[in-house]
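Step one of this worksheet: look at the structure below.
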Amino acid sequence: MANKRVVIVGGVAGGATCATRLRRLDEHAEILLLDRGPYVSFANCGLPYYVGNLIHDEARLLLATPALFKERFNIEVRTRNEAIAIDREAHTIAIHDHVSGRDYQESYDELVLSPGAAPICPPWPGVDLPGIFTLRNIPDSRKIRTWIDSRHPEKAVIVGGGFIGLEMAENLASRGIKVTIVELANQLMPPLDPEMAGYARQHLISHGVQLLLGDGVAGFEHSDSGGLIVHTQAGAVFEADLVLLAVGVRPETKLACDAGLKIGDRGGIRVDGAMRTSDPHIWAIGDAVEVKNRITAQWELVPLAGPANRQARIAADAICGRNSHFDGVLGTTVCGFFGLTVALTGATEKALRRAGIMDYQTVYLHPNQHVNYYPGANPIHLKLLFRKQDGLVLGAQAVGGTGVARRIDVLATAIQMKTTVFDLENAELCYAPQYGAAKDPVNLAGMIAANVLRGDVELAPWNDLEFTEAFLLDVREPHEFQADAISGSKNIPLGQLRSRMHELPRFREVWVNCGIGQRAYYACRILTQSGFCVRNLSGGFQTYAALCRVP
Ligand SMILES: Cc1cc2nc3c(=O)[nH]c(=O)nc-3n(C[C@H](O)[C@H](O)[C@H](O)COP(=O)(O)OP(=O)(O)OC[C@H]3O[C@@H](n4cnc5c(N)ncnc54)[C@H](O)[C@@H]3O)c2cc1C
C-alpha cells in the first residue's frame with residue numbers, strides 16, 4: 001500500500017504540532033507543511049515581549065526551522081507557499097509560491113487546515129496610514145520595533161483592551177511610550193465579568209496608562225506634527241506616534257469556504273470531535289475552528305495556543321486511525337501586565353447568562369497568595385461560580401500577583417474532573433509559608449461556597465445593592481469605615497456586635513459587609529443564631545470598590 005500523503009496548511013502552533021505528531025505515529029507518511037509566511041513554528045505568544053525588548057534576539061522566537069523539520073522529522077516544509085484553492089474531488093490543493101511567483105498543485109490523501117486567525121482591521125478612514133500596526137507574526141513585530149527604534153514615539157494608542165492590547169500596553173510603556181487604550185466595551189478584557197475587570201482597570205491607571213472605555217475609534221488622520229490623530233465615535237481626539245489595532249481576530253476561513261466546507265454560526269470552520277470537517281479527508285484545527293464550550297455547550301471561537309496544540313494531536317491521531325476526541329474548551333487563559341496577573345477558566349457569569357443557565361451562584365474572596373506573616377503577601381481576588389443544585393464548579397476568575405495562575409490551573413483541572421465545591425473544600429494542596437496557606441485560596445473558595453450551599457450563610461450580590469431595602473451593616477473598624485463606606489450603612493465593629501445587637505432591626509433583612517467578607521461571615525453567624533434575618537454582602541467592600549470606586 002502506498003504511503004499516506006498528508007498536506008498541512010499553516011505551520012505554526014496547530015500545523016507544526018500536527019505534523020510532528022503525525023510523524024511520531026507514522027514513520028512512512030509523506031508530510032508536507034506549507035506556510036505563506038517566511039517562518040514556521042514561531043512563538044506568536046512571545047511577540048509582545050520582542051516588541052518590548054524583553055526578548056532581544058528575534059531568533060529566540062523561532063522554535064524550529066525548516067531544516068530541523070527535515071532533519072529530525074523528515075517533514076518537508078515550504079515557507080512563502082500559500083494554499084489558494086482546494087479541489088475536494090481530485091484531492092489536490094493549488095499553491096502559490098510567493099518567491100518564484102508560480103502556481104502549482106499538490107495531491108493529498110488527508111489535508112489539515114491550520115491557517116489561524118487574522119487580526120481584525122475595520123475599514124476606518126485612515127487605517128492604512130503609516131504608524132498603524134497589527135501584531136500577528138514576526139514581520140509584524142519587526143515593523144513595530146523598527147518604528148520604535150527609528151521614530152522614538154512618545155505616545156501610543158492601543159485600540160482594544162483585550163489580552164494582546166494589555167500585554168502590548170506594558171511592553172510599549174517599557175520602551176518609554178505613554179500609552180492610551182481605547183476600548184469600545186465598558187470594561188477591559190471583555191471575557192471577564194465586569195467587576196473582575198475593574199481590578200485591571202485600577203492597576204493600569206495606577207501605572208500611568210490612560211483608558212477610554214465605552215467608546216470606539218472612528219478614524220485616523222495625519223497630524224500637523226507628522227504623527228497621527230485618533231478620532232473616537234464620541235468625539236474624543238488623541239495624538240499618537242504609534243497606533244496598535246488589537247480589536248480581536250477573525251478565523252481564516254477563505255480556503256474552507258471556497259471549498260464548500262461547513263462554516264459554523266460563529267464564523268469558524270465546523271469540525272467534529274476528531275477535528276474532521278464536513279469533508280471526511282479534510283481536518284481543521286486551531287484558531288480557524290469553532291469549539292464547543294464544555295460548560296455552556298455553546299459553539300465559540302477560542303483563539304488560544306493550548307487548544308490549538310491539543311486539537312493538532314487529536315487530528316494527527318485520527319488521521320492515523322486512533323480514537324482520540326476533543327472534548328471542547330474551558331477557555332482557560334492567563335495574562336500579565338505591570339505585575340498584575342489576570343486568569344480565568346470555565347464559564348463567567350456573563351457566559352452563563354448568555355447561554356440561559358441561571359442555576360448558578362457566585363462567591364468572591366480575597367485571600368493572600370500565601371500566609372500573611374510571610375513577607376510579600378498580596379491578595380488574590382477570586383470569583384468562583386458553581387451550580388446551586390449540586391455545587392458543581394462552573395468557572396473561576398482571579399486577579400492578583402504571583403499565585404493567580406496556579407489557582408486557576410487547579411480550578412481548571414477541577415472543572416475538567418467535574419468536581420464540586422465540596423471537593424474543593426477538601427482538596428489537598430501543597431503548602432509552605434512562602435507558597436500558600438494551610439487553607440489554600442482554592443480550599444477557601446470551596447469552603448465559602450459550601451457554606452452557602454449548606455445554608456450556613458446567605459449571600460447578597462453586590463450588584464443588587466442599589467435596589468435593596470435591607471438594613472446595611474458594616475462590621476469593619478471605625479477607621480476603615482471612615483475611610484470609605486457604602487452610603488447609608490451603619491458601622492458596628494464586629495467586636496461590639498454582641499453588645500449592640502439592639503441597634504439592629506428585627507423585622508428587616510440585614511446585609512452585612514466588611515473588607516473581604518470574612519468578618520461579615522462571623523457577624524452573620526452571630527446574628528443568624530440570634531434570630532436576625534441576615535445576608536453577607538458577597539466579596540465585601542473590596543468587590544464593591546472594584547466596580548464602584550474606580551476613578
Ligand atoms: C501577539 C499574540 C500573542 C498571543 N499570546 C497568547 C498567549 O499568551 N497564550 C495563548 O494561549 N495564545 C496566545 N496567542 C494565540 C495563539 O498564538 C494562537 O491561538 C495559536 O497560534 C493558533 O494556532 P494556529 O495554528 O491556529 O494559527 P497560527 O499559529 O496563527 O498559524 C497559522 C499560520 O497559517 C498560515 N496560513 C494561513 N493561511 C494560509 C494559507 N492559505 N497557506 C499557507 N499558510 C497559511 C499563517 O501565515 C500562519 O503562519 C497569541 C497570539 C498573538 C498574535
Side-chain angles (χ1 to χ4, degrees), residues 7-19 32-52 55 61-63 77-86 93-98 106 111-120 133-141 144 158 160 162-168 171 244-246 248-259 268-269 271 275 283-291 301-312 315 329-337 341-344 405:
V7 176
I8 302 174
V9 176
V12 193
T17 305
C18 186
L32 171 61
L33 185 60
L34 301 169
D35 202 293
R36 67 176 170 218
Y39 306 106
V40 284
S41 198
F42 64 86
N44 12 27
C45 308
L47 298 174
Y49 307 96
Y50 177 55
V51 173
I55 299 170
L61 297 169
L62 294 173
L63 307 177
V77 172
R78 291 185 204 155
T79 54
R80 299 185 204 272
N81 275 254
E82 180 168 1
I84 48 176
I86 302 166
I93 181 157
I95 299 164
H96 178 72
D97 182 338
H98 285 280
E106 290 286 354
L111 176 64
V112 181
L113 303 179
S114 188
I120 295 172
F133 301 94
T134 56
L135 181 62
R136 180 182 182 184
N137 50 37
I138 291 180
D140 292 341
S141 60
I144 303 174
I158 296 177
F163 290 77
I164 293 178
L166 297 185
E167 285 182 357
M168 282 299 290
N171 281 290
L244 178 80
L245 305 182
V249 295
R250 184 172 293 131
E252 295 239 23
T253 52
K254 185 168 185 318
L255 259 186
C257 280
D258 291 352
I269 304 171
V271 288
M275 309 312 297
W283 314 75
I285 55 180
D287 290 0
V289 304
E290 288 186 357
V291 283
L301 297 168
V302 179
L304 289 173
N309 275 270
R310 299 202 314 277
Q311 293 158 8
V329 293
L330 291 177
T332 309
T333 310
V334 65
C335 175
F337 44 92
T341 306
V342 179
L344 71 153

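Heavy-atom basis, side chains included; hydrogens, waters and symmetry copies ignored. In listed order, ligands and their atoms are each counted from 1. Throughout, residue positions are numbered sequentially from 1 according to the sequence presented. Remember, it's a predicted structure, so these values are computed and weren't measured experimentally.
Val342 places a side-chain heavy atom less than 4.5 Å from the side chain of Phe337. Side-chain contact between Leu244 and Val51: absent, with no pair of heavy atoms (C-beta onward) separated by less than 4.5 Å. Counting heavy atoms from C-beta outward, Gln311 and Val271 have side chains that stay 4.5 Å or more apart. The side-chain heavy atoms of Val12 and Phe42, taken from C-beta on, include a pair separated by under 4.5 Å. Side-chain contact between Pro115 and Leu255 is absent, with no heavy atoms from C-beta onward closer than 4.5 Å. Within the 4.5 Å cutoff, the side chain of Ile269 has no heavy atoms near those of the Glu290 side chain. For the pair Asp287/Pro251, no side-chain contact is recorded, criterion being any heavy-atom separation below 4.5 Å from C-beta on. At a threshold of 4.5 Å between non-hydrogen side-chain atoms, the residues Leu62 and Tyr39 count as touching.
Within ligand 1, the atoms closer than 4.0 Å to a non-hydrogen atom of Val9 are 39 (C), 40 (C), 41 (N), 42 (N), 43 (C), numbered from 1 in the order shown. Close approach to Gly10 involves these atoms of ligand 1, each under 4.0 Å from a residue heavy atom: 33 (C), 34 (O), 35 (C), 44 (N). Proximity to Gly116 (heavy-atom distance under 4.0 Å) selects the following atoms of ligand 1: 26 (O), 27 (O), 30 (O), 32 (C). Numbered from 1 in the order shown, with element, the atoms of ligand 1 that lie under 4.0 Å from a heavy atom of Gly286 read 26 (O). Those atoms of ligand 1 that come under 4.0 Å of a heavy atom in Ala305, given as number and element, are 10 (C), 11 (O), 12 (N), 16 (C), 19 (O). Contact atoms of ligand 1 toward Pro303: 15 (C), 19 (O) (distance under 4.0 Å to a heavy atom of the residue). Taking every heavy atom of Asn81 and a limit of under 4.0 angstrom, the matching atoms of ligand 1 come to 43 (C). Every atom of ligand 1 is numbered from 1 in the order shown, and the set under 4.0 Å from a heavy atom of Glu82 is 40 (C), 41 (N), 42 (N), 43 (C).
The shortest N or O to N or O distance between Val12 and ligand 1 is not below 3.5 Å. For Ala83, a nitrogen or oxygen atom sits less than 3.5 Å from a nitrogen or oxygen atom of ligand 1, counting backbone and side chain alike. Between Gly11 and ligand 1, no pair of N/O atoms sits closer than 3.5 Å. Between Glu252 and ligand 1, no N or O atom pair is found at a separation short of 3.5 Å. Note: an N/O pair closer than 3.5 Å links Arg36 and ligand 1 by distance alone.
At a 4.0 Å heavy-atom cut-off, ligand 1 touches Ala13 through backbone and side chain alike. Residue Leu304 touches ligand 1 through backbone and side chain together, judged by heavy-atom distances below 4.0 Å.
Of all protein heavy atoms, the one lying nearest to atom 37 (C) of ligand 1 is Pro115 O, 3.2 Å. Among all non-hydrogen protein atoms, the one lying nearest atom 19 (O) of ligand 1 is Asp287 OD1, 2.8 Å. Looking at atom 53 (C) of ligand 1, its nearest protein heavy atom turns out to be Leu135 O, 3.6 Å. Regarding atom 7 (C) of ligand 1, its nearest protein heavy-atom neighbour is Cys45 SG, 3.5 Å. Closest to atom 21 (O) of ligand 1 among all protein heavy atoms lies Asn44 ND2, 3.2 Å. Closest to atom 52 (C) of ligand 1 among all protein heavy atoms lies Ile164 CD1, 3.6 Å.
Note: Asn309 CG to Thr17 OG1 = 4.0 Å, rounded to the nearest 0.5 Å. Distance check: Ile8 CD1 to Asp35 CG gives 11.5 Å after rounding to the nearest 0.5 Å.
In this structure a side-chain-to-backbone donor-acceptor pair under 3.5 Å is present from Thr333 to Gly331. With Asp140 contributing its side chain and Ile138 its backbone, the two residues share no donor-acceptor pair below 3.5 Å.
Considering only non-hydrogen atoms, atom 46 (C) of ligand 1 lies nearest to Asp35 out of Val249, Asp140, Asp35. Comparing Arg78, Arg136, His98 by heavy-atom distance to atom 30 (O) of ligand 1, the nearest is Arg136. Of the candidates Ala284, Ala288, Pro307, Gly14, it is Gly14 that places a heavy atom closest to atom 25 (O) of ligand 1.
In this structure Glu106 satisfies the salt bridge (Lys or Arg N to Asp or Glu O under 4.0 Å) test together with Arg5, Arg78, sequence neighbours excluded. The salt bridge (Lys or Arg N to Asp or Glu O under 4.0 Å) search around Glu252 returns Arg36, Arg136, not counting sequence neighbours.
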